[in-house]
Each structure stands twice: as C-alpha cells, then as structure tokens.
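Sequential numbering from 1 along the given sequence is applied to the chain's residues. Here the structure is a predicted model, which means the values were calculated and not measured.
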Amino acid sequence: MKRNVQSVKQVHALVQSLQQCARDAGHRHPLMIGIDQENGLVSAFSSTAKYQAGTQFPGAMAIAATGDPECARDCSAASAREMKAVGINWSYSPVGDVNSDPQNPVIGVRSFGDDPTEVARYAKAVGDGLTQGGVAPSSKHFPGHGDTNVDSHLGLPVIKKSRAELDQTELKPFKELIEAGIASIMTGHMVIQALTGDDETPASLSRAVTTTLLREELRFEGVIVTDCLEMNAVKERQGGVPRGAVEALAAGADVVMICHTMAFHRGAMEATYEAVQKGELHKATNVLQATNKKLSKEAYAKSTALVSGSLPVKVLNAAVDDAEGVQRTDKGHVRNTAAPYYISFAESVRRRAADVEHLVYATDFDCRRNLGEGVIFVTRNADRSAWQLDVLERVRTQAGGVSIVVLASCAPYELFSRRVLGVQACAASFEYTSEALEAAASVIFNEVPPVGESPVSITIQGR
C-alpha cells in the first residue's frame, strides 16, 4: 500500500526483510510482493511531494487518450523495471473494467474507456509491458465493475445485465487478456445476477463466477486473487471479513486479499483453519475432483488402443505380480496373486458380463478347463517375461474356437510378437491403473470405440 512506501531504499529493505523471513521459515520460493500500481491516480509506488520512489506515469484513460498502445506498453514496462529493482514482483494492473456508467464513482478514469474493444487493446498492452519488465500483471475487477454507480468500498454494487450483454461488454477484455496469457486476475465485489444467480453474493465469493465461469468456461489457468475483503461489500456481510475469506477460497480463489487491519488478517486465518478442520473447504476440492474425474475418464477412454484384430468378447483375467496378502506354497515360495488393480479389472468385467470366472495364472497354470464363450488374457510386459506367452499358447490350444482378446496392461511390445498372432484381438491400456483397466473393459465390451493409437511400434518378431 502507499503507506508502506517512503523511498526506494526503504521499500527495497522492507521487501528483502520479508523475503528473508520467508526463507528462514522454510519457503522454497520467493514471496509474491504485490502493489496497486495502475499508474495515474492509483500509483502506490510513485513519488509524491514528500518522498522519492517510482516514476509517475499516465493512468488508463490518459494513456488511452494518446491513441498509442505502444506508449502504454512502454510506460508499463518502465514502471515494472522500477518495481522489480526494489523487489516488487506483482502489480494489480491493468484495469479491465469498461466504464459504461459515466457516474461510476470508483472506476472512472482508471478505465481505458467505454469501448470494450479498446479497453481490451490497452489492457493487453499494459499486461505485456508489465510482463516484459519482470512483474506479474493482475487484471481487475473480474467480471467487470464498470457499469455501476456504487463504490464497492462503501456498498454492494448490483449489475443487472443479461449474459449476452456481459459477453459483449464486461467479459470481452478479460477473455482477450486470458487468451493473451495474463498471469493473474483479481475478482471484484459486485453482484451480477446473470452469473451469481442471486442478488446478495459478490462475484468474488461466488463459485459460479470464480470456478464455473473463470476457470472452467474461460479456461483461465493463472492465479486468482480477490479484491480487498475489507471493502464494505464483503465486510458488512454476515461473518464479515473472516467468513468472506472462507467463502472466497471455497469459491475457488487462490489468494484472498486483506490490506489494512491485523485483526482481520488473524481472524481470516483462524476462520480458514477452522473451515479446513471441519472439512468445509474440502467441499470445493471435492467438486474439483468430481470435474477432474470426468475428464480423467474421458482421457482414459481415448487412450485404449486396439493394436490388431476386432472386438468384442468374455474372461480370464491374468495378474502377473504379487499383491497385498501374498500367497505362498507349502515350501514358502511366493505364488502369483492378483494385485488390487487386476482385481478391480475383474470387477469391471463382471459388471458387463453375467457369468465370469477370474483366474490368476502362473507358469504352471492348468489350462484344462472349460473356457466358456471367450477369454480376456491380460499380460504385463510379457516381452520380458516370456512365460506369460507360454501360458497364452497353452490357453489358445485348449480354447479351440473360443475368442481370445489379449490385453497388454503395461508396455504393448508383446502385442507385436508372432506368438500372439491368431487371437481375435490385441488391445493395450498402457498402464495397469484401475482407471486404465476400466477404460479397457469399456472398449472390449464395445461401449466406446477404441480410438487410441500405440505411440510405439516394432517389427513382428518370432519370439
């Protein structure tokens, strides 16, 4: 904050002391030292009549008046170099708000104007300049604070626009900044009912805004930081600043900003700790994991490869390693037993076929049995453990006309051996995780097509 700036030397000493404190505490990476340096009226690092610090450059609307985005880029890069020299590495700039309301009491000349295309052009130039100067930019105030006459420092702005209108105006600069690779985005304390779904929740505390819109829809992968939670739009809510910190983190923010009062810092940390202990913040993680699980399933479904032959088929599941609860012979030798992931594969098959027998084979496997309507023969690096292919040959002889699918559950090299020729199909899962084997089962039983392709190949060999 501006109150922390007294001179270049003093700021440098302050930052270095903070970084040393972090190192002493065991931090492996430097602290992010942020500052409100938009230039213009909001220039926490710029010199004043009382002290010498950074250079005062034109703010957003003034720099846009030049009609020269390159000038905006140059000024931002120069300002960034000054900040970097004292150890500041994060600037809460550029402002991405489109100043649609001339009566806006808090944005106004901090905006590059009322044309979303021009705002995007200059915001990208400022973001580029800061990045070139070695300082991470943070565009604000997502999803847009320009079309309101309420100052969120004093109250809770409510913006009543349709999603189509938001896409055309408020969201346009942020979309372009995200496409340009902006490092971080600051969320703002305004209600936008078309996004939040109610007239009470600030965007900064809304999962619909922070996660669903910003992370998932707009695919922003950088750091999300809130505006200061001591602003009345949050502070006057039930639970105040400490509860606001918990809600912002649950919404998906990476960093919550509390700028002024030590009691609020402490209260927010204590509330967050309590929320973690109660599992409240884990709910957000659970939602994320549910989303990621869906993506994982889709990715595994695409990875299973049909190396040769055609599908489908039934079921001999072969495990080729030891497992929990290892079995041993009378002489103490370890027997080949099914590890958990192969057992899970057997369950995957059982969910798809009514009458299934799961057999674990070893070098002395007795093939003299009824093999039913079909066999899934699972191998694991059989090109290096040829005994598995010995068993496969005996199973093929016993099976007669029964269909056999060979599933390579790790590297697929054995599927390029002549010893697997003649089976109905050869598929590869490329790993034996439960997820990969579940995906393989869905391919084998024709629930999804085998769209994966083997990334490796080898000339057919005789062994």
Side-chain angles (χ1 to χ4, degrees), residues 289-324 336-362 365 367 369-383 385 388-389 391-392 395-396 399 401-416 420 422-456:
Q289 289 176 338
T291 301
N292 288 350
K293 187 173 182 179
K294 181 176 180 292
L295 175 61
S296 172
K297 184 176 180 180
E298 292 171 354
Y300 274 114
K302 291 180 180 180
S303 70
T304 302
L306 180 64
V307 176
S308 63
S310 60
L311 294 168
V313 198
K314 203 176 163 196
V315 146
L316 171 61
N317 174 29
V320 293
D321 64 336
D322 295 329
E324 299 172 2
N336 195 46
T337 54
Y341 24 86
Y342 291 116
I343 293 173
S344 74
F345 178 65
E347 293 302 317
S348 294
V349 173
R350 285 193 181 96
R351 288 194 295 271
R352 294 169 169 86
D355 185 15
V356 176
E357 184 179 8
H358 172 210
L359 300 172
V360 180
Y361 67 87
F365 179 71
C367 300
R369 64 184 72 234
N370 181 2
L371 296 176
E373 300 173 12
V375 173
I376 300 175
F377 191 95
V378 182
T379 60
R380 175 176 155 189
N381 295 331
D383 59 313
S385 298
Q388 298 172 58
L389 299 183
V391 175
L392 173 60
V395 169
R396 285 176 55 195
V402 173
S403 297
I404 298 176
V405 172
V406 176
L407 173 63
S409 66
C410 199
Y413 294 109
E414 60 258 41
L415 301 184
F416 301 100
V420 300
V423 300
Q424 179 180 337
C426 292
S429 63
F430 304 102
E431 59 184 64
Y432 45 86
T433 57
S434 297
E435 292 79 4
L437 295 174
E438 165 66 19
S442 68
V443 168
I444 291 171
F445 285 89
N446 268 9
E447 294 173 0
V448 296
V451 296
E453 296 184 3
S454 176
V456 298

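A 4.5 Å side-chain heavy-atom check between S442 and R352 finds at least one atom pair inside the cut-off. Residues L437 and L407 are in side-chain contact: their nearest non-hydrogen atoms beyond the backbone lie under 4.5 Å apart. Counting only heavy atoms from C-beta outward, the side chains of Y300 and E431 approach each other to under 4.5 Å. Counting heavy atoms from C-beta on, the side chains of P450 and T304 never come closer than 4.5 Å. The side-chain heavy atoms of K297 and E438, taken from C-beta on, include no pair separated by under 4.5 Å. Side-chain contact check for D383 versus F416: every heavy-atom pair is 4.5 Å or farther apart. Inter-residue side-chain proximity for F430 and S454 is flagged as met; some heavy-atom pair is nearer than 4.5 Å. Looking only at side-chain heavy atoms (C-beta outward), V443 and L306 stay at 4.5 Å or farther from each other.
Looking at every heavy atom in both residues, L392 comes nearest to V420 through CD2-CG1, 3.8 Å. Between A301 and V451, the shortest heavy-atom distance links the atoms O-CG2, 4.2 Å. In terms of heavy-atom proximity, C410 sits nearest to N381 at CB-OD1, 3.5 Å. The shortest heavy-atom contact between A427 and L415 is O-CD1, 3.3 Å.
Of the inter-residue distances, the one linking R396 atom CZ with C367 atom SG reads 12.0 Å to the nearest 0.5 angstrom. With rounding to the nearest 0.5 angstrom, the CD atom of Q424 is 10.5 Å from the OG atom of S308. In this structure, OH in Y432 is found 12.5 Å from OG1 in T379, a value given to the nearest 0.5 Å.
For E453, the CD atom counts as loosely surrounded, since its 6.0 Å shell holds 12 or fewer non-hydrogen atoms of other residues, nucleotides or ligands.
Within the 3.5 Å criterion, the main-chain N or O of R380 finds a donor-acceptor partner in the side chain of Q388.
Under 4.0 Å is where a charged nitrogen must lie from a carboxylate oxygen, and between K302 and E298 no such pair does.
Side-chain N/O atoms of Y341 and S409 include no donor and acceptor closer than 3.5 Å.
Aromatic ring pairs are classed by plane angle as parallel below 30°, tilted from 30° to 60° and perpendicular above 60°; the pair Y361 and F365 is perpendicular.
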